[in-house]
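In what follows, a structure is listed as structure tokens, so that the remarks can point back to it.
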Amino acid sequence: MRRKSKYKYNRNIRYSYSGVQNTYVNHYCRRKKKSKKTIIAVISVLFLISAAISAFLILDGMSLFSINNTNNSNINRFIDFDTTKHMSYSEDKYETKIYESERYLINYPIIKIDEIDREIKNEIEYLAKCAEASSAKYTSVDYITETADDKYLSVVFKANEYDINKNNTVSDVITMIFDLESKKQLESEDIFNNNFYSFASEYVRNYFNNNTDTKKLTSEESFQSATTANKLHFEEFSLNNKQCTIYLNQKAIFGSGNKIYNISIPLSELSNFLNISLKEAQKGKTANPSIRDDIDPNKPMIALTFDDGPDEKNTQIILDVLQANNARATFFVVGYQAEAYPDVLKSISDAGCQIGNHTKNHANLTELSDEEIKEAAESVDKIVKNATGSPTTALRPPYGAFNDKVESILNRTPLIFWDVDTEDWSDKDTEKTIKSVINQAADGKIILLHDIQDSTAEAAKTFIPKLIAEGYQLVTVEELLYYKGITVGGGETYPW
Ligand code: ZN
């Protein structure tokens, strides 16, 4: 049985199917942790053997459940299963168990791979205990299966509880994923790396935010805390050839309700987060992922940022130095320059560098009307998107000037400022700029420079290799935040 850390060995806590604590359900069930071959386990087994033998003797002859004998049972008449469709794996074979009390029924797949069928049986015994402990009149557990690349099998169990009036009072989902080649059950961490959870959190929040029915609920603190980038919040999911579906319990995220939300993410968007190889995800892998995977989070890193470009010649000089040093930076571009040099925008993007928004006319945003602020940002996005295919992913207000209004209007991307001002724009002196960068360099710093200055482009030829020689990884702002584990939402500011 799969280890799920949310199932703590605490006998005093009652759990429902997927571990969502639910006062209505009053389940005693705990999910068992995957057994490890420890000495303790061996000793326990020895102790338990005699007890187990007696238990089997008692159960023998009074079979806990009947198989494929569903037609005339109370529960079958109560719950209409005619519409049940199993998107079944290969041979479309499944069994139904109706438990003795006729209070619960479980459909489950037969995969015909012993190791996997054994895990599934363990799981349904667990589900049966949950149903047994439930105060519901009837419980049904049904399932679907999905496969990805004919190698990964997902089994999605959905439990529904009904009261005496046939109202579906509680629903929950439990998923299992198997590797059909190794015949082993996979844990979340076998499938996703740790960076998946920030992505999933944002994806799910956007999903509910874009849905008119749930939009107003997304500001609730309970929703926010139930959707943080935590592995435990995104444990129930399935995979097929095209997408990963995350299952979320309405009660768990909104405090009440019995809906299950199925949120599907195209695999092509998950290529940076998968520990397994899936064909569709490979397609999504670009030559220049915005977050490189060869950055060492334990080594120092710096984000160089260049404002006020793109420049006709200096931007390319800086890009050449960056590329020669396997380095990246962020360019905050202004509208009038971007409009004049779209091919330079493309070069920035092709070099894997990040493009930020520095507004249309470099105006002080705090002096503009709401409409003007919006237009100042959106017009640049249009130009950048036309040139590179993607809009900007950060915004730096000119002069570092912002207020609450600016933050609330410019809420699509983070607002990024700086730790170090090199004053290259006033010095216009190559040597001074080199010194300023090198003397103020430190791990995690965002350094402000300007690629429209000849002296800065000249200085970059020296300070970029020098920073690398000193052990710094030169990253984009996006990479810096990512590897430092800092989340900056749309309209939120950093590092101020
Ligand atoms: Zn500027």
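Order of appearance sets the numbers: ligands from 1, and atoms from 1 within every ligand. Being a predicted model, the structure only gives us computed values, none of them experimental. This chain uses plain numbering: 1 for the first residue, then up along the sequence.
- Within a 6.0 Å sphere centred on CD of Gln250, heavy atoms belonging to other residues, nucleotides or ligands number more than 12.
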Determine all donor-acceptor pairs shorter than 3.5 Å in which one atom belongs to a side chain in residues 258-267; sequence neighbours excluded.
unit_1	atom_1	unit_2	atom_2	d
Asn258	ND2	Asn168	O	2.4
Ser264	OG	Gln243	NE2	3.2
Ser264	OG	Thr245	OG1	3.1

Side-chain polar contacts of residues 489-496 - donor-acceptor pairs under 3.5 angstrom, sequence neighbours left out - could you list them?
unit_1	atom_1	unit_2	atom_2	d
Glu492	OE1	Gly489	N	2.9
Thr493	OG1	Trp496	O	2.7
Trp496	NE1	Trp418	O	2.7

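- Near-neighbour remark for the Zn ion (ligand 1): protein N, O or S atoms under 2.8 Å are Asp308 OD1, His358 NE2, His362 NE2; waters not counted.
- Ion pairing between Lys484 and Asp443 holds under the 4.0 Å rule for side-chain N and carboxylate O.
- Within 6.0 Å of the NZ atom in Lys242, the count of heavy atoms belonging to other residues, nucleotides or ligands does not exceed 12.
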Extract all donor-acceptor atom pairs below 3.5 Å that involve side chains of residues 457-470 and protein atoms in other chains or at least two apart in sequence.
unit_1	atom_1	unit_2	atom_2	d
Glu458	OE1	Lys461	NZ	3.2

